[in-house]
Asks: 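Following this message is one structure expressed as structure tokens.
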Amino acid sequence: MEIAKLNTEQQNPKTMNIDLMSTEEIITIINQEDTLVPNVLARQVPNISEVVDRIVDAFKKGGRLIYIGAGTSGRLGIIDASECPPTFGTDPGLVVGIIAGGKEAMTEALEGVEDDKQQGQADLANINLTPDDIVVGIAASGRTPYTIGALEYAKEIGALTVSVVCSKDSEMEKISDHSISAVVGPEVITGSTRMKAGTAQKLVLNMLSTASMIKLGKVYGNLMVDVQMTNEKLHNRAVNIVKMATGASDEEARTAIKEQNYHTKAAILQITTGLRGTEVKELLEKHGGYLRDAISEFYKDGAN
């Protein structure tokens, strides 16, 4: 499809005179356009849900979630991937973000890198893509050669493919096993897909990673019980999480965290069950890290 015909490249009739507006009017219309995004994504909930279930299946088989894209789309994938280890205690290799042009492209716009179809294939080959992995190609237009090359290679390998796009009937959508199509309409500034399209993509990635981690037992109630205590803020957050989950005092929470080698989930299980030392770790491992299941078995067996 010619770029001029893409809905992401159309002029927004509401902003034809935005350069004549006051500052408050500009901000108001940007905000109004942004509010359209959640309603568009609501129609994609069944597709997103299905992809999440496939991601969870892949993780349980030893596969990875791999985001790949160019420009804004690639940056969003890397952001989401990089936030999984501190938030959910995952291995850095479980969720991977790849951007056309590599690390340099995170802070600079590199000419031509998104047009290199073969590089998209090469970048996946370089991380030893396997059939157990899931590849999520991200592109507002749905026509980026780099990302298309990556998806085509993933299909050749036998990996599940997913497209996150903001255009109707895109090439990426036709290639992928699953498609999440968030057609948010013309941007406030024509063609500036870092705006509504970027917001839609960010929200989709939030849902994919967060829901997958919840399904993996990384969340207890609505608490991130596998948070990594890599700095003072996160250590204090972990203490608060233990206190909220158990009703323990600050001192009790800190003691349990220390005794369980700074594992938030284990500290909660220790306080909740009264178990100590390796018994806590063994019970968690028995239930694959699912805290609720571990607690349930403890009390089902009549222990107290």
Side-chain angles (χ1 to χ4, degrees), residues 1-10 44 47-48 50-51 54-55 58 63-81 95-106 108-184 187 191-194 196-198 200-202 204-205 208:
M1 183 183 293
E2 294 179 17
I3 190 169
K5 295 181 180 179
L6 294 171
N7 59 278
T8 53
E9 297 296 322
Q10 303 307 304
Q44 292 297 310
N47 292 336
I48 297 170
E50 186 172 358
V51 172
R54 298 301 298 271
I55 292 171
R64 299 167 293 178
L65 170 59
I66 299 164
Y67 296 130
I68 190 163
T72 297
S73 299
R75 294 183 189 103
L76 290 171
I78 288 178
I79 289 170
D80 196 75
V95 183
V96 179
I98 300 175
I99 184 172
K103 291 182 179 180
E104 187 180 353
M106 278 298 292
E108 296 181 29
L110 303 182
E111 293 184 13
V113 293
E114 72 172 50
D115 298 326
D116 193 338
K117 195 172 184 180
Q118 284 68 42
Q119 191 60 49
Q121 299 172 353
D123 285 349
L124 288 184
N126 287 339
I127 63 165
N128 299 313
L129 187 73
T130 76
D132 291 330
D133 297 326
I134 290 184
V135 176
V136 178
I138 313 165
S141 67
R143 64 185 290 278
T144 306
Y146 172 84
T147 314
I148 288 172
L151 291 171
E152 289 177 342
Y153 176 76
K155 289 187 75 71
E156 290 176 12
I157 295 297
L160 190 78
T161 56
V162 180
S163 61
V164 178
V165 299
C166 299
S167 296
K168 296 178 181 177
D169 303 318
S170 69
E171 188 173 349
M172 281 173 52
E173 185 175 358
K174 295 171 184 175
I175 292 172
S176 302
D177 298 310
H178 297 273
S179 179
I180 300 168
S181 182
V183 183
V184 293
E187 299 287 2
S192 182
T193 52
R194 68 185 181 85
K196 282 191 299 183
Q201 291 170 333
K202 172 59 175 166
V204 169
L205 301 191
L208 292 180

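The model shown is predicted, which means the values in this text are computed figures rather than measured ones. Positions are given from 1, in the same order as the sequence printed here. Values below: every heavy atom of this structure, side chains too, minus hydrogens, waters and symmetry copies.
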Asks: How far apart are the closest heavy atoms of S179 and E173, and which atoms are they?
Replies: OG-CG, 3.1 Å
Asks: For the CG atom of L151 and the CD atom of E156, what is their distance to the nearest 0.5 Å?
Replies: 11.5 Å
Asks: Taking the side chain as C-beta and beyond, is there a heavy-atom pair between S176 and V162 under 4.5 Å?
Replies: no
Asks: Looking only at heavy atoms, what is the nearest atom pair of M172 and G137, with distance?
Replies: CE-O, 3.4 Å
Asks: Which value, rounded to the nearest 0.5 Å, describes the distance between T147 atom OG1 and I98 atom CD1?
Replies: 10.5 Å
Asks: From S163 OG over to I175 CD1, what is the distance, rounded to the nearest 0.5 angstrom?
Replies: 8.5 Å
Asks: Rounded to the nearest 0.5 Å, how far apart are OH of Y146 and CD of Q121?
Replies: 11.0 Å
Asks: Which heavy atom in A139 sits nearest to a heavy atom in T144, and how many Å separate them?
Replies: CB-OG1, 3.5 Å
Asks: Can you confirm whether I68 sits close enough to V135 that some side-chain heavy atom of one is under 4.5 Å from a side-chain heavy atom of the other?
Replies: yes
Asks: Is it true that a side-chain atom of D116 and a backbone atom of V113 form a donor plus acceptor pair closer than 3.5 Å?
Replies: no
Asks: Within a strict 4.5 Å, meaning less than it, do heavy atoms of the I134 and R64 side chains meet?
Replies: no
Asks: Could you check whether any side-chain heavy atom of V164 comes within less than 4.5 Å of a side-chain heavy atom of Y67, counting everything from C-beta outward?
Replies: no
Asks: Quick one: do I138 and L205 satisfy side-chain contact (heavy atoms from CB on, under 4.5 Å)? Show the steps, please.
Replies: CA-CA 10 Å; I138 313 165; L205 301 191; 3.8 Å; yes
Asks: For E152, which residues count as a salt bridge (Lys or Arg N to Asp or Glu O under 4.0 Å) partner, sequence neighbours excluded?
Replies: K117
Asks: Please report the C-alpha distance between K202 and I79 in whole Å, then the side-chain angles of each, then the deciding distance to 0.1 Å, and finally whether the side-chain contact (heavy atoms from CB on, under 4.5 Å) criterion is met.
Replies: CA-CA 9 Å; K202 172 59 175 166; I79 289 170; 4.1 Å; yes
Asks: Starting at OG of S167, measure out to CZ of R143 and round the result to the nearest 0.5 Å.
Replies: 9.5 Å
Asks: Regarding Q44 and N47, do their side chains bring together a donor and an acceptor under 3.5 Å, going by distance alone?
Replies: yes
Asks: Does a side-chain heavy-atom distance below 4.5 Å link C166 with V183?
Replies: no
Asks: Compare all side-chain heavy atoms of H178 with those of T161 and state whether any distance is below 4.5 angstrom.
Replies: no
Asks: How long is the straight-line distance from CD of E187 back to CZ of R194, given to the nearest 0.5 Å?
Replies: 9.0 Å
Asks: Pick out which of L76, V184, I180 makes a side-chain contact (heavy atoms from CB on, under 4.5 Å) with Q201.
Replies: L76
Asks: Does I99 reach the side chain of M106, with side-chain heavy atoms less than 4.5 Å apart?
Replies: yes
Asks: Work out which heavy atom in V165 is nearest to a heavy atom in G142; give both atom names and the distance.
Replies: CG1-CA, 3.6 Å
Asks: Flag the pair R54 and D177 as a salt bridge only when some basic side-chain nitrogen lies within less than 4.0 angstrom of an acidic carboxylate oxygen.
Replies: no
Asks: Report yes if some heavy atom in the side chain of V51 is under 4.5 Å from a heavy atom in the side chain of L208; otherwise report no.
Replies: yes
Asks: Sequence neighbours left out, what passes salt bridge (Lys or Arg N to Asp or Glu O under 4.0 Å) with R75? Give chain and number order.
Replies: none
Asks: Determine whether I66 and L124 satisfy the following criterion, side-chain contact (heavy atoms from CB on, under 4.5 Å), listing intermediate values before the conclusion.
Replies: CA-CA 9 Å; I66 299 164; L124 288 184; 3.9 Å; yes
